[in-house]
Amino acid sequence: MCRLSAVLLHPAAILLFLVHTEHLIHGSPTGQYFLSTPHNTTVTAGHHARLACSVGNLAGTCQWTRDGMPLGRGRNLAGFSRYLLAGDREEVCDLSIEPVLPSDEGEYQCQVSGGHGAAPISSAPAVLSVNSEPGQPYIVQAREEDMVEVMEGEEVELECQSQGGRPPAEIQW
C-alpha cells in the first residue's frame, strides 16, 4: 500500500517522463534541437564576429533576427552584405559578420522553422556589443588654436578629451 500511495503522490513525475520520452527513439531525439547556441559577445569595430548556431536533426530552415527583425533566409543574407550564414554543413547556421560596425550592436537570435513534422525552435537571445577605438585626444582649451597663453607663475587647468571610444577612453597625463 505504501508503494502505491507514493506513485499516486507523484503523477506529475510520471507525466513528465511520458512527455519527455515521447520525442525519443532508442534514446535519441526525434525532433530538431540545438547543438550550439549563440552567447553574449563583445568585439571591436572593424573586426570579425561569429555567433554560433548548430541544429541536430535539422528539418526546417535557419534564420537570424536582430532586435526581433528577421535578417533573411539562406546562406547569403540579401540586404546585409557583411552578414553570412557560415558553416560547411547544412546544420551549421553560424552568423558571421565582417567587418563589424557599431550599428551591428543588438540582440540576436537563431531561429529554425518547422518542417517534416518537426516543431520550430528558437535559441535564447544573445547580445552583440561593439567596442570602438577612441578618437585622437585633444586639449579642450586649445581646441580653437594650437596654443594656450599663460602668464609666468599663473596656474592653469587643462582638460583633455577624446570622442567616440566605447567603452570611453581613460586619459592619463
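Remember, it's a predicted structure, so these values are computed and weren't measured experimentally.
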hydrophobic_cluster_shared for [Y] and [X], side chain cutoff 4.5 Å:
X: L128; Y: F80; answer: yes
X: V92; Y: L95; answer: no
X: L85; Y: V55; answer: no
X: I97; Y: L77; answer: yes
X: V150; Y: W173; answer: yes

Taking side chain as C-beta onward, heavy atoms only, is D104 less than 4.5 Å from R82?
yes
Taking side chain as C-beta onward, heavy atoms only, is D67 less than 4.5 Å from Y108?
no
Could you check whether any side-chain N or O of [X] sits under 3.5 Å from a backbone N or O of [Y], counting only pairs where one atom can act as donor and the other as acceptor?
X: Q141; Y: E159; value: yes
X: S103; Y: L101; value: no
X: Q32; Y: A59; value: yes

For the Cys pair C93 and C53, is the SG-SG distance shorter than 2.5 Å?
no
Sidechain N-carboxylate O distance under 4.0 Å for E105, R66
no
Say you draw a straight line from CD of Q136 to OG of S162; how long is it, rounded to the nearest 0.5 Å?
8.0 Å
Between CD1 on residue I139 and CD on residue Q161, distance to nearest 0.5 Å
11.5 Å
Ignoring hydrogens, what is the shortest heavy-atom contact between [X] and [Y]? Give both atom names and the distance.
X: C62; Y: V112; result: SG-CG2, 4.1 Å
X: T61; Y: R73; result: O-NH1, 3.6 Å
X: R166; Y: V130; result: CD-O, 3.3 Å
X: Y138; Y: Q163; result: OH-NE2, 3.2 Å
X: S123; Y: T37; result: CB-CG2, 4.0 Å
X: D94; Y: W64; result: C-NE1, 4.2 Å

Is a side-chain donor-acceptor pair under 3.5 Å present for [Y] with [X]?
X: S36; Y: S54; value: yes
X: Q109; Y: Q111; value: yes
X: Y83; Y: N76; value: no

Please evaluate residues Q172 and E170 with respect to the criterion side-chain hydrogen bond (donor to acceptor under 3.5 Å, both in side chains), reporting the C-alpha separation (whole Å), side-chain torsions for both, the decisive distance (0.1 Å), and the verdict.
CA-CA 7 Å; Q172 296 179 353; E170 292 183 25; 5.1 Å; no
Please determine whether side chain to side chain contact (heavy atoms under 4.5 Å, CB included) holds for the pair V43 and N131, giving the CA-CA distance in whole Å, both sets of side-chain angles, and the decisive distance to 0.1 Å.
CA-CA 6 Å; V43 296; N131 289 341; over 6 Å; no
Please check if the number of heavy atoms outside [X] that lie under 6.0 Å from its [atom1] is greater than 12.
X: E133; atom1: CD; value: no
X: E90; atom1: CD; value: no
X: R50; atom1: CZ; value: yes
X: E149; atom1: CD; value: no

